[in-house]
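What follows is a single structure, written as structure tokens, with notes after it.
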Amino acid sequence: MARIFSGIQPSGELHIGNYLGAVKNWVALQHTAESIFCIVDYHAIITAYEPAQLRARRRDMALGLLAAGIDPAVSTLFVQSDVPEHTELAWIFNTVTPLGELERQTQFKDKSQRMESVSAGLLNYPILQAADILLYRADRVPVGEDQLQHLELSRVIARRWNAEFAPDDDFFPEPQPVLTPTRRIMGLDGQSKMSKSMGNTIGMLESPEEIWKKLRPAVTDPKRIKKTDPGTPEVCNIYHLHRAFSPPDVVSHVETQCRTAGWGCIECKKVLFENVNTELTPIRTRAAEIRSQPELVDQVAGDGALTARRVAAVTMREVKDRMGLA
Ligand code: SF4
């Protein structure tokens with residue numbers, strides 16, 4: 001059976017961009033492959049952060065993932081820093097990763113340009129990602145398009161380590177991407193990717209009232225100024241959210257109504273709002289149930305860490321043996 005690994009930063013409560021762009025896909029995939037999902041808190045400490053907030057966000061993320069449908073009966077869900085082998089393998093991979101490959105990473109170039117002081121952690125971030133995946137010898141990694149370059153680097157690292165220490169059996173598989181079916185979810189400003197730092201999100205667990213308060217003023221096709229102006233759904237983020245949340249017949253109706261100025265944007269948003277609620281209401285209900293059992297999240301994460309460590313220990317024993325470290 002294939003093994004998949006994917007990680008998510010503990011950014012607190014999931015927003016619908018995380019949900020549609022990653023987590024919904026994980027929930028579907030967990031029934032098709034052995035699935036390991038990790039809350040990557042070591043990745044989250046690369047930039048300034050508040051320790052108490054990080055602690056709370058790790059729990060909130062675990063709760064959100066369980067509410068969204070990650071099922072600990074079929075998946076392993078754990079927190080990265082509970083499995084020290086991640087950083088142990090990352091150090092080993094540091095020794096086989098060419099500096100030039102790291103400096104070429106688009107995300108490093110983008111982020112480092114905006115920083116006054118660049119940490120080695122930011123540069124080495126993709127090495128830790130490679131360790132996250134290869135520690136479990138995962139062969140498939142659900143990712144968005146913006147992570148493809150990092151995944152390619154994981155394959156380079158696997159190849160280089162194999163060439164040096166496992167020339168006969170390719171110990172580490174070269175992980176292949178499983179692209180998320182939903183395209184990149186833009187924020188309510190229609191300008192940039194949905195992200196907490198941009199303040200353009202809808203929280204997965206927000207109440208219907210809060211959601212409508214955000215959806216109502218959300219940016220649409222900028223050329224649709226009057227209700228009588230025909231619109232272009234493809235340039236409108238509300239249309240793309242319909243594609244993610246509404247049934248296909250509703251999506252076709254939206255297209256027609258938009259192009260023919262058959263309705264106004266508020267009517268269009270009301271229909272979207274109904275369909276968002278249809279999808280998110282059971283998730284909110286599950287979240288409330290989980291919150292009513294305060295020990296549940298810690299128990300799931302603790303069990304997940306034990307399972308993950310069992311697999312990680314086997315990998316590290318083999319790695320150290322082949323490298324003369326044991
Ligand atoms: S009618 Fe709907 S799809 Fe068309 S511009 Fe307005 S909100 Fe967007």
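When a residue number appears, it is its place in the shown sequence, counting from 1. Atoms within a ligand are numbered from 1 in the order they appear, just like the ligands themselves.
Salt bridge Glu101/Arg104: present, at least one basic N to carboxylate O contact under 4.0 Å. In this structure, Glu234 pairs ionically with Arg259, as a charged nitrogen and a carboxylate oxygen lie closer than 4.0 Å. Ion pairing of Glu267 with Lys227 is present here, as a side-chain N (NZ or NE/NH1/NH2) and a carboxylate O approach within less than 4.0 Å. Using a 4.0 Å cut-off between a side-chain N of Lys or Arg and a carboxylate O of Asp or Glu, Arg322 and Glu318 qualify as a salt bridge. A salt bridge links Asp298 to Arg59: at least one charged side-chain nitrogen sits closer than 4.0 Å to a carboxylate oxygen.
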Please list every donor-acceptor pair under 3.5 Å in which a side-chain atom of residues 288-295 meets a protein atom from a residue at least two apart or in another chain.
residue: Ser292; atom: OG; partner: Glu289; partner atom: O; Å: 2.6
residue: Gln293; atom: NE2; partner: Glu289; partner atom: O; Å: 3.3

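For atom 8 (Fe) of ligand 1, the tally of protein N/O/S atoms lying closer than 2.8 Å stands at 1.
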